[in-house]
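Working notes for the structure below.
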Amino acid sequence: MFSKQGLDTGRPGAASPEPPVPRDGRRYEVVDGRLLVTGAQPPAHHAAVVGLMIALKNACPPELLVSVGSVDFRPTLGVSLRPDLLVCHRSDAGPHLLTTPPLLTVEVLSPSTRTTDIVLKRTLYERHGIQSYWLLDPTVQELTVLDLTPTGYTCQAVVQSEETFHATTPFPIALTPATLTP
């Protein structure tokens, strides 16, 4: 069980320091108290993450932070999510931890993460109030943009290859999937 300070030792008020996350190319997340480990991703995945990160950082206002897999979103005890990219207020982010919903989360699809990203992550991000969720598929050069409404996520756009999407959330930016993917 995780607390804001680290692992719960089982004693009230006592917590051990946050355990180091192995730097082995895998992603470690906790969903309902269960460890979810995602294996190392293919080069196309990394290239798409870097392409989108550069575009977001170039358009990002100074009060916001673009993070690439280095900040855990921990909305509750027992849930620790690490999206491929997220955008949040700088003031909300600790060194490695965010407990308030980010303004945007992005998952880059790959064969090993497709179902998790489309089904499980969508459900979790929706449940924990993340306003915008984007899915970038480098294989088909497609960006799916979901925005949170009172009834759940609704699809705002599915942008193909050379098409350009003009986002306003979390800040104004024009994105073309073909320029973000290899």
Side-chain angles (χ1 to χ4, degrees), residues 25-31 36-61 64-73 75 79-89 93 98 100-182:
R26 296 181 184 141
R27 184 183 337 184
Y28 295 86
E29 299 173 288
V30 178
V31 176
L36 178 64
V37 180
T38 304
Q41 296 302 305
H45 179 275
H46 294 292
V49 168
V50 169
L52 185 54
M53 176 203 64
I54 291 169
L56 288 170
K57 281 189 175 270
N58 285 335
C60 186
L64 299 181
L65 171 71
V66 176
S67 173
V68 179
S70 61
V71 175
D72 281 358
F73 171 50
V79 175
S80 178
L81 303 169
R82 189 170 282 221
D84 289 320
L85 291 113
L86 67 78
V87 176
C88 65
H89 290 280
L98 179 68
T100 58
L103 304 171
L104 167 69
T105 56
V106 181
E107 296 292 354
V108 175
L109 302 179
S110 67
S112 66
T113 66
R114 179 174 296 280
T115 301
T116 299
D117 293 340
I118 293 173
V119 179
L120 178 63
K121 294 278 190 90
R122 177 182 173 150
T123 301
L124 291 168
Y125 293 155
E126 185 178 84
R127 180 184 309 155
H128 295 294
I130 296 173
Q131 287 301 305
S132 293
Y133 179 36
W134 298 354
L135 297 129
L136 179 60
D137 188 337
T139 307
V140 295
Q141 297 182 330
E142 179 179 273
L143 176 66
T144 302
V145 177
L146 304 172
D147 284 339
L148 192 59
T149 67
T151 58
Y153 279 130
T154 58
C155 184
Q156 297 302 309
V158 177
V159 187
Q160 303 289 326
S161 190
E162 299 293 332
E163 297 174 342
T164 299
F165 175 68
H166 296 276
T168 56
T169 304
F171 45 79
I173 185 171
L175 298 168
T176 304
T179 65
L180 304 173
T181 58

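The closest side-chain heavy-atom distance from Leu36 to Tyr28 is not below 4.5 Å. Put simply, the side chain of Leu81 reaches to within 4.5 Å of the side chain of Val31, judged on heavy atoms. Annotation: side chain of Leu103 is in contact with side chain of His89 (closest heavy-atom distance under 4.5 Å). Contact of the Thr115 side chain with the Leu120 side chain is not registered, since no non-hydrogen atoms from C-beta on lie closer than 4.5 Å. For the pair Asp137 and Leu135, the minimum side-chain heavy-atom distance is 4.5 Å or more. The shortest side-chain heavy-atom distance between Leu85 and Leu52 falls under the 4.5 Å cut-off.
Looking at residues two or more places apart in sequence or on another chain, you find a side-chain hydrogen bond (donor to acceptor under 3.5 Å, both in side chains) between Asp117 and Thr113. Qualifying side-chain hydrogen bond (donor to acceptor under 3.5 Å, both in side chains) partners for Thr100, counting only residues two or more places apart in sequence or in other chains: Asp92. For Thr169, the side chain to side chain contact (heavy atoms under 4.5 Å, CB included) criterion is met by Ser132, not counting sequence neighbours.
Checked by atom type, the side-chain pair Gln156/Thr154 shows a donor-acceptor distance below 3.5 Å. A donor-acceptor pair shorter than 3.5 Å cannot be found between the side chains of Tyr133 and Glu107. Checking Gln41 against Ser110 by side-chain atom types alone, a donor-acceptor pair falls below 3.5 Å.
Between Phe165 and Trp134, the ring planes are perpendicular. Angles over 60° get that label, and only those under 30° would be called parallel.
A donor-acceptor pair under 3.5 Å is formed between the side chain of Arg27 and the backbone N or O of Arg82.
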Legend entry - Derivation of the side-chain hydrogen bond (donor to acceptor under 3.5 Å, both in side chains) call for Thr176 and Thr179: CA-CA 6 Å; Thr176 304; Thr179 65; 4.8 Å; no
